[in-house]
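Beneath this line is the structure, given in structure tokens, with notes to follow.
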Amino acid sequence: MTARIEHLVTSGTFSLDGGTWEVDNNVWIVGDDHEAIVIDAAHDADAIATALGDRTLRAVVCTHAHNDHIDAAPDLAARTGAPILLHPDDLPLWKQTHPERLPDGTLADGQQLSVAGTDLTVLHTPGHAPGAVCLYAPALSTVFSGDTLFQGGPGATGRSFSHFPTIVDSIRDRLLTLPPETVVRTGHGDSTTIGAEAPHLQEWLDRGH
């Protein structure tokens with residue numbers, strides 16, 4: 001049985017730099033009937049645990065450490081025994097939300113995560129956050145982009161720990177090199193494809209000057 005992708009939308013708030021906003025987040029579950037990983041445990045551990053059912057959770061993978069993507073991670077990890085994995089460059093952001101509970105393991109560029117016979121490659125894509133990562137699953141023709149790439153362009157870079165030229169470099173060098181039919185499953189909103197976003201690269205480059 002090959003891995004499948006399941007999708008939840010959870011709602012809560014995003015807070016940074018003294019502001020708070022209402023947000024809807026995409027939570028992605030990759031696995032089969034026996035085991036799974038969760039990409040971005042956002043807002044609602046109950047809903048995520050219900051979707052997992054009795055499957056073994058292998059890892060809670062964080063695309064980055066903004067609070068709206070990690071707020072439910074410790075609760076979900078405590079229920080399931082699964083480790084929380086985060087790129088170490090995002091520890092300063094993580095500690096703003098969970099100062100008493102560090103992640104259990106690290107993510108590194110090129111690292112392979114495997115679940116249900118499917119490999120996901122960690123791509124370090126800083127810009128939206130220093131430790132932002134995407135997860136590329138070629139067998140599923142999918143990249144989970146977190147808040148690095150959305151339908152219509154790069155993720156936001158107007159707040160602390162973010163940098164617009166860096167996110168454009170990450171998208172150009174790490175994501176737009178993927179096959180054009182690759183589905184981009186984002187941290188918020190609708191999915192897109194690499195092929196749909198690639199023609200807009202020059203617009204983004206121009207925006208940064």
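Every value quoted in this text rests on a predicted model; they were computed, and no experiment measured them.
- With hydrophobic clusters built from ILVMFWY side chains whose heavy atoms lie under 4.5 angstrom apart, V30 does not share a cluster with L52.
- The aromatic rings of H98 and W94 sit tilted, their planes meeting at an angle between 30° and 60°.
- Looking at T10, its side chain does come within 3.5 Å of a backbone N or O of A42 through a donor-acceptor pair.
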Could you go through the side chain to side chain donor-acceptor pair (under 3.5 Å) check for D71 and H43 one step at a time? CA-CA 6 Å; D71 49 4; H43 307 308; 2.9 Å; yes
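- Put simply, the side chain of D40 gets close to the backbone of T63: a donor and an acceptor are under 3.5 Å apart.
- Listed by first and then second residue, the salt bridge (Lys or Arg N to Asp or Glu O under 4.0 Å) pairs involving residues 5-17 are R4-E6, E6-R55 (not counting sequence neighbours).
- Look at D46 and R79 and you find a salt bridge, because one of the NZ, NE, NH1 or NH2 atoms lies within 4.0 Å of a carboxylate O, short of that distance.
- Ionic pairing of R174 and D109 is present here: one or more N-O contacts between side-chain nitrogen and carboxylate oxygen are shorter than 4.0 angstrom.
- One hydrophobic cluster, built from ILVMFWY side chains closer than 4.5 Å, holds both V168 and L149.
- The minimum heavy-atom distance linking A41 with I48 is given by the pair CA-CD1, 3.8 Å.
- Among residues at least two apart or in separate chains, there is no salt bridge (Lys or Arg N to Asp or Glu O under 4.0 Å) pair with a member in residues 182-204.
- Taking the six-membered ring for Trp and thresholds of 30 and 60 degrees, W28 and H7 have nearly parallel ring planes, at less than 30 degrees apart.
- Applying the salt bridge (charged side-chain N to carboxylate O under 4.0 Å, His left out) rule to D119 yields no partners; only residues at least two apart in sequence or on another chain are considered.
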